[in-house]
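Report on one structure; see the data block that follows.
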Amino acid sequence: MTGIYLDNNATTRVDPEVLAEMLPLFTQDFGNPSSMHGFGAAVGGKIEWARKQVQALLGAAHDSEVVFTSGGTESDNTAILSALEAYPKKKSIVTSVVEHPAVLALCDYLEKKRGYTVHRIAVDGKGDLDIDAYKAALSEDVAIVSIMWANNETGTIFPIEELAVLAKAVGAVFHTDAVQAVGKIPMKLADSAVDMLSLSGHKLHAPKGIGALYVKRGLRFRPMLRGGHQERSRRAGTENAPGIVGLGAAAQLALVHMQDENTRVKALRDKLEAAILEAVPNCFVTGNPANRLPNTANVAFEYIEGEAILLLLNEHGIAASSGSACTSGSLEPSHVMRAMGVPYTAAHGATRFSLSRETTEAEIDRVIAVVPGIIERLRSLSPYWAGAGAAPKAFAPTYA
Ligand code: PLP
């Protein structure tokens, strides 16, 4: 499949250098790392090399703080369930309304089926967390706080260090879902109050089905998967050695390219947004424009459906993503757009363009060239647009 791929927050292409590091693990270095022979030892050494690369990317103090998992969802579930088991007397959880379902669905389950109290902290129109509500929710009954580092839909970054320090002050474990942030913004967990952090390989040019959970040394930890002694008994199961080595190689590359993401990619993203805002009436950028991931642009186009935009973009060979999720046949705007109070007329047209270090200026220029025509065409067919009177007064986001 070729085309212009601007859906890197959904998944990224495996970097050919990553693949090259992985391939020998399938045919040559195929041993089981737990085996007491050379075949096993060769693989064990590569896994430890990969652990060090992830440690470096996170700025963690010890490589043993990195536990390999199957991805972001497993890491999120493991972190939350571990804290609840380690602190059985504490019955409250603090999270935010804009988390990924990997956290929200587990919290819903824990609330409904296990009797936990879940505090879901609200966000404002920019997607920033209500810090006063967060402080008010913290108490000694809180076993774990789980707040994402950066939002997958808007890219908005939360003040993780400040939140972690506040959580630690009441004795809660602090976990962050950093699946979208790792590899895009610098981290130094060695100097941080963060106890646990989730990351996922396929968001940073490693394959799907591999991820890691950072667990600070000394933290009380209870495994979710029991069985063998892999990962120091913190995650049982024969290691996904090719995936782990792929993640290690991807972490190494991410560290090298971090500057690139923050400058070249951000400049391309800003160019795309500015051009769209200039050429298209009645649209606005969602999220906090001053504090976002450098690769993410989420533009809400009023009076049209995101799905229709995606279909027409796809006809031009452009892959983007909609803020809406199709739930049981009815098209509801995403929980993130609703939480930010984006009006329905705009939330439905929210479209996410997520870039990567592979994105070129020529690709962005092509997207800039086709988007205005697509929006105009859809609006000419939209009863809402006609009903509102063509070019109605635009919704003004709270940060405008
Ligand atoms: N958390 C966030 C913020 C994500 O964006 C994603 C993936 O979209 C996940 C968790 C889940 O990660 P994985 O696909 O590795 O299970």
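Order of appearance sets the numbers: ligands from 1, and atoms from 1 within every ligand.
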**Prompt:** Quick one: do Ile244 and Val43 end up in the same hydrophobic cluster if we chain Ile, Leu, Val, Met, Phe, Trp and Tyr together by side-chain heavy atoms under 4.5 Å apart?
**Reply:**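 As far as the 4.5 Å side-chain criterion goes, Val43 and Ile244 are connected within one cluster.
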
**Prompt:** Applying the 4.5 Å side-chain criterion to the ILVMFWY set and letting contacts propagate, would Leu197 and Val67 be lumped into a single cluster?
**Reply:**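 Different clusters.
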
**Protein residues that have a heavy atom under 4.0 Å from any atom of ligand 1, sorted by chain and number** =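 Ligand 1 is contacted, at a heavy-atom distance under 4.0 Å, by Gly71, Gly72, Thr73, Asp76, His100, Met148, Asn152, Asp177, Val179, Gln180, Ser200, His202, Lys203.
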
**Request:** May I ask you to check whether Thr156 and Lys126 show a side-chain donor-acceptor distance below 3.5 Å?
**Result:**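 Their side chains do not contain a donor-acceptor pair, so the 3.5 Å distance test is not met.
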
**Asked** Hey, are Thr12 and His202 close enough side-chain-wise for a donor-acceptor pair under 3.5 Å?
**Response**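 Not at all, the side chains of His202 and Thr12 share no donor-acceptor pair under 3.5 Å.
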
**Prompt:** Is the NZ or CZ atom of Lys113 positioned over Tyr109's six-membered ring, under 6.0 angstrom from the centre and within 45° of the axis?
**Reply:**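 Not flagged: Lys113 not positioned over aromatic ring of Tyr109.
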
**Request:** Work out which heavy atom in Arg379 is nearest to a heavy atom in Asn282; give both atom names and the distance.
**Result:**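 Scanning both residues completely, I find the closest heavy atoms to be NH2-O, 2.7 Å.
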
